[in-house]
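Data block below; observations after.
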Amino acid sequence: MANETYVTVRGFTGADPRLFRNEDGGTTVLFRVGVTPRSFNRKSEKFEDGATTWYSIRCYGPLADNVINSVFRGTPVVVRGKLSHRESVDKEGVNRYEITVVADSVGIDLNTGQARFTSVKNQRLDAVHGEPAGSASEVPVTDEEPPYSADDPLEYSTDPAGNLAGVS
């Protein structure tokens, strides 16, 4: 659809995601991400936090299944999706406004920690806005063991893809 706003939100989850089963058997996951701007105050020579903005994040289908198993309270995340908002009136008659991102991608923000990817076999990927038609397909499945053990610490000097060979 034309004139839709897509955004990227980087922040921390405020609580564990909530899982809902849809009538058609699909899954929906809801969680909130807090984004707090930080700026340097030249007078006090200290960093100061601004007001936190909270975004409600909605995920559907395979993305929802993976988020519920990977994201927990306090997880640093990067979310990409379509921005929308909802207006409602609460029990006391107060108007409420909610900023919602309908996510098409969710990732762990590696600026604050480490993560390891685990492929989910035979999972159909949803199409992403802007990709060519028919580009969503099943994740490639291999019987190869990963080149690491989940118990091993990350090694910083390795280049498993060979992308850094010859780079100086």
**Request:** Report yes if some heavy atom in the side chain of Thr28 is under 4.5 Å from a heavy atom in the side chain of Arg58; otherwise report no.
**Result:** yes
**Complete:** Looking only at heavy atoms, the pair that brings Ile68 and Pro17 closest together is CD1-O, 3.5 Å
**Request:** Apply side-chain contact (heavy atoms from CB on, under 4.5 Å) to the pair Lys82 and Val101, showing each step before the final yes or no.
**Result:** CA-CA 5 Å; Lys82 184 171 57 172; Val101 177; over 6 Å; no
**Prompt:** Given side chains that start at C-beta, do those of Tyr97 and Arg86 come closer than 4.5 Å, heavy atoms only?
**Reply:** no
**Request:** Could you check if a side-chain atom of Thr75 sits within less than 4.5 angstrom of a side-chain atom of Ile108, using non-hydrogen atoms only?
**Result:** yes
**Complete:** d(Tyr55 OH, Ile99 CD1) to nearest 0.5 Å is 5.5 Å
**Nearest non-hydrogen partners of Ala64 and Cys59, listed with the distance** = CB-O, 3.5 Å
**Complete:** Rounded to the nearest 0.5 Å, the CD atom of Glu98 sits from the CZ atom of Arg96 at a distance of 11.0 Å
**Prompt:** Given Arg32 and Ser56, is the side-chain hydrogen bond (donor to acceptor under 3.5 Å, both in side chains) satisfied, shown in steps?
**Reply:** CA-CA 4 Å; Arg32 292 174 49 83; Ser56 295; 3.2 Å; yes
**Prompt:** Roughly how far apart are Thr112 OG1 and Leu110 CG, rounded to 0.5 Å?
**Reply:** 8.0 Å
**Asked** Above 12 or not: heavy atoms from other molecules or residues under 6.0 Å from CZ of Arg38?
**Response** yes
**Asked** Is the shortest distance from a Lys or Arg side-chain nitrogen in Arg10 or Asp109 to a carboxylate oxygen in the other one below 4.0 Å?
**Response** yes
**Message:** Under a 3.5 Å cutoff, is there a donor and acceptor pairing between the side chains of Thr13 and Arg73?
**Reply:** no
**Prompt:** With distance as the sole test, does Asn22 use its side chain to make a donor-acceptor pair with the main-chain N or O of Asp24 at under 3.5 Å?
**Reply:** no
**Asked** Stepwise, does the side-chain contact (heavy atoms from CB on, under 4.5 Å) test hold for Val106 with Leu63?
**Response** CA-CA 8 Å; Val106 176; Leu63 178 59; 4.2 Å; yes
**Asked** Do Val77 and Trp54 share a hydrophobic cluster (ILVMFWY, side-chain heavy atoms under 4.5 Å, transitive)?
**Response** no
**Asked** Taking the side chain from Thr52 and the backbone from Val35, do they hold a donor-acceptor pair closer than 3.5 Å?
**Response** no
**Asked** How about Asp65 and Thr27: does a side-chain donor come under 3.5 Å of a side-chain acceptor?
**Response** yes
**Request:** Examine distances only and state if a side-chain atom of Ser70 and a backbone atom of Asn66 form a donor-acceptor pair shorter than 3.5 Å.
**Result:** yes
**Item:** Test side-chain contact (heavy atoms from CB on, under 4.5 Å) applied to Val9 and Val78, step by step
**Value:** CA-CA 6 Å; Val9 176; Val78 179; over 6 Å; no
**Item:** Asp16 CG to Arg18 CZ distance, which is reported to the nearest 0.5 Å
**Value:** 11.0 Å
**Request:** Identify whether Phe12 and Phe72 are in the same connected component of the hydrophobic contact network (ILVMFWY, side-chain heavy atoms under 4.5 Å).
**Result:** no
**Item:** Full working for side-chain contact (heavy atoms from CB on, under 4.5 Å) between Val29 and Tyr60
**Value:** CA-CA 6 Å; Val29 166; Tyr60 299 100; over 6 Å; no
**Item:** Backbone N/O of Glu45 and side chain of Asn41: donor-acceptor pair under 3.5 Å
**Value:** no
**Prompt:** To the nearest 0.5 Å, what is the distance between CD1 (Ile57) and CG (Leu30)?
**Reply:** 10.0 Å
**Asked** For the atom pair OG1 (Thr5) and NE2 (His85), what is the distance rounded to the nearest 0.5 Å?
**Response** 11.0 Å
**Item:** Ser84 to Val102 - nearest heavy-atom pair and separation
**Value:** OG-CG2, 4.4 Å
**Request:** Taking the side chain as every heavy atom from C-beta outward, state whether Arg80 and Asp104 have any pair of such atoms under 4.5 Å apart.
**Result:** yes
**Request:** Give the cluster check for Leu19 versus Val71: same hydrophobic cluster or not, with ILVMFWY residues linked at side-chain heavy-atom distances below 4.5 Å.
**Result:** yes
